[in-house]
Engineer: 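Next up is a structure, given as C-alpha cells.
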Amino acid sequence: MRKIFLITTFVLSLLAATAFAAENDSSVEGFDYTSQVYGFKIKCPVKPIVILNPFEDPKARGELLVLEVTPDGQDIAYGYQILLDAFDTKSVPNFNKDREKTIDDYIKKLAEANKYEYVSLENISKDNKGILAMTAKKLELRNDKGEVEDVLVADKQSAFAFFRTRSGRCISIQLITTEMSKENIADYLKSVSTYQDATDLSMPDKKSKK
C-alpha cells in the first residue's frame, strides 16, 4: 500500500505572515459586493462576475465570485467560492469557545482527511476565530517501507476559510487562483475578514442601546 506525505512549500510562511490583518476593517479597498440571492456582503478587490450555486451538490447554497479570468478566457485566474451552511455545526468544534485540545484534535483529523498542507486556527475578525487551510502543492507517495515511489505535483492550490458567523451560520470561503502568491493570499484574507452574513445583518447590533 502506498502512503501519501505532504511536502511543505514557502506559502506556509506567507499565510502566517498575512493572516486576517484587516479584521473587518471598513477601510479595506475594493468593491462592496452584496448577494442579491442570499443577502451576504463581502468586499472584493474588484467587481465580480457572479455564478450561482456552482456546486456538485444541488442542495448546496452559495455563489462563485469570479474576479479575474485567464488570458484565454477559459479558466478562473482568481475568485472566491462562498458556501453557506458549509459544515455540520454539531460535528465541528466551536472555534471561539471549545477547549484547545478539542480544536487541535479536530485540526489534525481535518488535515489528514483532506491532505491539507496547512491548517491553522486564525482570527477571522477581532472577535471571531476560524480555520484557515491550504491544499498541498506536492504529495509524496511512499510504500510500506517508507520509500518514495512517486511525487505528485498539483496544477493548482486552493485556500479555505471555515468559520461561524455571529448568528452561528457555518461558512466556507475558498480561494481559487492560478498563482498562490503573497499578494493574492493577502487580498483573499482581507476579503474573508469583511464577510457579513444576512442573518447577522438582521440581528441587533451588540453595541446598540435600547
Side-chain angles (χ1 to χ4, degrees), residues 2-24 42 55-57 60 62 64 78-142 148 151-165 168-195 197:
R2 297 195 298 179
K3 299 180 180 179
I4 299 176
F5 293 81
L6 305 183
I7 303 176
T8 58
T9 68
F10 74 100
V11 181
L12 287 173
S13 59
L14 297 183
L15 282 166
T18 59
F20 304 108
E23 292 188 354
N24 277 327
I42 189 170
F55 310 103
E56 295 181 3
D57 182 357
L64 173 60
Y78 190 86
Y80 307 148
Q81 185 161 282
I82 300 174
L83 179 61
L84 313 180
D85 306 317
F87 52 89
D88 182 4
T89 188
K90 294 181 180 180
S91 61
V92 177
N94 186 312
F95 305 127
N96 296 302
K97 298 180 180 180
D98 282 350
R99 295 184 305 166
E100 183 177 348
K101 185 180 184 308
T102 300
I103 296 174
D104 287 345
D105 289 345
Y106 172 76
I107 288 176
K108 183 178 179 180
K109 292 178 181 178
L110 186 66
E112 292 175 349
N114 295 277
K115 302 299 183 292
Y116 286 134
E117 176 180 282
Y118 178 88
V119 184
S120 176
L121 182 67
E122 302 285 355
N123 286 320
I124 299 298
S125 65
K126 184 178 180 180
D127 302 314
N128 191 24
K129 296 182 184 300
I131 295 295
L132 175 64
M134 188 183 69
T135 59
K137 180 63 175 178
K138 296 181 180 180
L139 295 172
E140 284 185 349
L141 298 180
R142 301 189 182 189
V148 178
V151 176
L152 303 180
V153 180
D155 293 332
K156 298 179 183 179
Q157 286 179 279
S158 296
F160 297 83
F162 305 99
F163 58 94
R164 289 179 175 83
T165 65
R169 192 166 204 170
C170 304
I171 305 298
S172 167
I173 302 180
Q174 177 186 355
L175 168 62
I176 301 170
T177 180
T178 54
E179 181 184 4
M180 194 65 75
S181 66
K182 183 176 181 179
E183 292 74 18
N184 285 348
I185 295 171
D187 284 343
Y188 163 69
L189 296 177
K190 289 176 182 178
S191 293
V192 170
S193 74
T194 65
Y195 178 88
D197 197 72

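Please read these numbers as outputs of a predicted model, since none were measured by experiment.
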Engineer: Any chance the side chains of S120 and E122 put a donor and an acceptor closer than 3.5 Å?
Structural biologist: yes
Engineer: Which heavy atom of A60 sits nearest to which heavy atom of L83, and what is that distance?
Structural biologist: CB-CD1, 3.8 Å
Engineer: Should Y80 and V192 count as side-chain neighbours, where that means a heavy-atom distance under 4.5 Å?
Structural biologist: no
Engineer: Return yes if some donor-acceptor pair links the side-chain N/O of T102 with the main-chain N/O of D98 below 3.5 Å, else return no.
Structural biologist: no
Engineer: Quick one: do the S158 and Q174 side chains pair a donor with an acceptor below 3.5 Å?
Structural biologist: yes
Engineer: When you measure from the side chain of Y118 to the backbone N and O of T135, does any donor-acceptor pair fall under 3.5 Å?
Structural biologist: no
Engineer: So, are D104 and K108 salt-bridged, with charged N and O less than 4.0 Å apart?
Structural biologist: no
Engineer: Taking the six-membered ring for Trp, are F162 and F160 parallel (under 30°), tilted (30 to 60°) or perpendicular (over 60°)?
Structural biologist: parallel
Engineer: Compare every heavy atom of M180 with every heavy atom of Q157, then report the nearest pair and how far apart it is.
Structural biologist: O-CE, 3.3 Å
Engineer: Once rounded to the nearest 0.5 Å, what's the spacing between atom CG of L132 and atom CD1 of I107?
Structural biologist: 10.0 Å
Engineer: Between the main-chain N or O of I173 and the side-chain N or O of Y188, is there a donor-acceptor pair closer than 3.5 Å?
Structural biologist: yes
Engineer: What is the minimum heavy-atom distance between G130 and F163, and which atoms define it?
Structural biologist: CA-CB, 4.0 Å
Engineer: So do the side chains of L84 and I171 get within less than 4.5 Å of each other, counting heavy atoms only?
Structural biologist: yes
Engineer: Among all residues two or more places apart in sequence or in another chain, which pass the side chain to side chain donor-acceptor pair (under 3.5 Å) test with T89?
Structural biologist: R164
Engineer: Using every non-hydrogen atom in the two residues, find where Y78 and D187 come nearest and quote the distance to one decimal.
Structural biologist: OH-CB, 3.4 Å
Engineer: Got a sec, which residues hit side-chain contact (heavy atoms from CB on, under 4.5 Å) with N96, two or more places apart in sequence or on another chain?
Structural biologist: N94, N128, K129
Engineer: In Å and rounded to the nearest 0.5 Å, what is the CG to CD1 distance from L121 to I103?
Structural biologist: 5.5 Å
Engineer: Only one of I124, L110, V92 passes side chain to side chain contact (heavy atoms under 4.5 Å, CB included) with I131; say which it is.
Structural biologist: L110
Engineer: Working to the nearest 0.5 Å, report the span between CG of L175 and CE of M134.
Structural biologist: 10.5 Å
